[in-house]
Amino acid sequence: AGGKIYQNPAIISYYHPRISPAKLFKQYFQYGDWKMRVLMKHGMLSIKNFIPPLYFLGILGTALGALGSHISLYILFFLVGSYLLGLVPIALWARKRNAAGNPFLIAIVLFLIHTGFSMGFYKGVIDALVWKAFRRGR
């Protein structure tokens with residue numbers, strides 16, 4: 001956009017990692033919830049914003065369908081299995097980059113991040129629809 005970026009070595013920032021899985025999940029739930037508001041305000045759509053929520057919806061839908069259909073059960077196993085198989089190389093790559101990381105814990109963290117973001121995203125969608133209906137009814 002033609003702007004300039006200035007760097008100042010006097011600026012100090014701190015990172016505070018979440019101390020529990022529940023707090024990490026809550027953080028990403030809030031990210032997902034607010035992502036919808038940001039998308040509505042700025043219209044910055046990117047496919048990466050929709051991949052986790054769509055995958056989560058697919059797993060949830062096939063899990064419900066698996067209650068009455070063997071085909072849905074097979075699809076559910078495929079979706080969950082492919083997700084878990086996808087986490088393995090990512091967790092191993094992250095382990096290689098950071099020798100202190102445990103690949104199993106990395107996979108759990110990724111699961112919490114994706115699930116929290118997805119659930120928050122759908123909460124944001126529902127809130128946006130309710131807010132839109134409320135404003136329309138005024």
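For clarity, every value in this text was computed on a predicted model and none was experimentally measured.
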Item to check | Main-chain N/O of S72 paired to T62 side chain as donor or acceptor, under 3.5 Å | outcome: no

Checklist outcome for this item: Between the CZ atom in R18 and the CZ atom in F25, the distance rounded to the nearest 0.5 Å is 14.0 Å

Checklist entry - Do L39 and L57 belong to the same hydrophobic cluster, where Ile, Leu, Val, Met, Phe, Trp and Tyr are linked whenever their side-chain heavy atoms lie under 4.5 Å apart, directly or via other members? => result yes

Checklist outcome for this item: Of Y28, F50, F29, W34, the one forming a ring pair (Phe, Tyr, Trp, His ring centres under 6.0 Å) with F121 is F50

Checklist entry - To the nearest 0.5 Å, how far apart are CG in L73 and CG in L67? => result 9.5 Å

Item to check | Single-linkage hydrophobic cluster W93~F104, side-chain heavy atoms < 4.5 angstrom | outcome: no

Item to check | Spatial distance of atom OG (S118) from atom CD1 (I113) [nearest 0.5 Å] | outcome: 11.5 Å

Next on the checklist: Is it the case that the side chain of T115 and the backbone of L112 share a donor-acceptor pair, with hydrogens and angles ignored and the cut-off at 3.5 Å?
Outcome noted: no

Checklist entry - For the residue pair H114 and L87, what are the closest heavy atoms and their distance? => result CE1-CD2, 4.5 Å

Item to check | L54 reachable from F117 in the ILVMFWY side-chain graph, under 4.5 Å edges | outcome: yes

Next on the checklist: So which atom in A94 and which in I106 form the shortest heavy-atom distance, rounded to 0.1 Å?
Outcome noted: CB-CD1, 3.8 Å

Checklist entry - What are the two closest non-hydrogen atoms of Y122 and P53, and how far apart are they? => result OH-O, 2.7 Å

Item to check | Minimum-distance pair of heavy atoms, taken over all atoms of A91 and A107 | outcome: CB-N, 4.2 Å

Checklist entry - Are the side chain of Y55 and the backbone N or O of L79 linked by a donor-acceptor pair below 3.5 Å? => result yes

Checklist entry - Under 6.0 Å from the OH atom of Y83, do we count more than 12 heavy atoms belonging to anything else shown? => result yes

Next on the checklist: Would the distance check show the side chain of S69 and the main-chain N or O of A66 forming a donor-acceptor pair, the cut-off being under 3.5 Å?
Outcome noted: no

Checklist entry - Between S13 and Y15, is any pair of side-chain heavy atoms under 4.5 Å apart? => result no

Checklist entry - Hey, are the side chains of V88 and L92 touching, using non-hydrogen atoms and a 4.5 Å cut-off? => result yes

Checklist entry - Mind checking whether L64 and F78 sit in one hydrophobic cluster, side chains of I, L, V, M, F, W, Y counted as touching below 4.5 Å? => result no

Checklist entry - Quick one: do V80 and Y74 end up in the same hydrophobic cluster if we chain Ile, Leu, Val, Met, Phe, Trp and Tyr together by side-chain heavy atoms under 4.5 Å apart? => result no

Checklist entry - Once you round to the nearest 0.5 Å, how far does CG of L76 lie from CD1 of I71? => result 13.5 Å

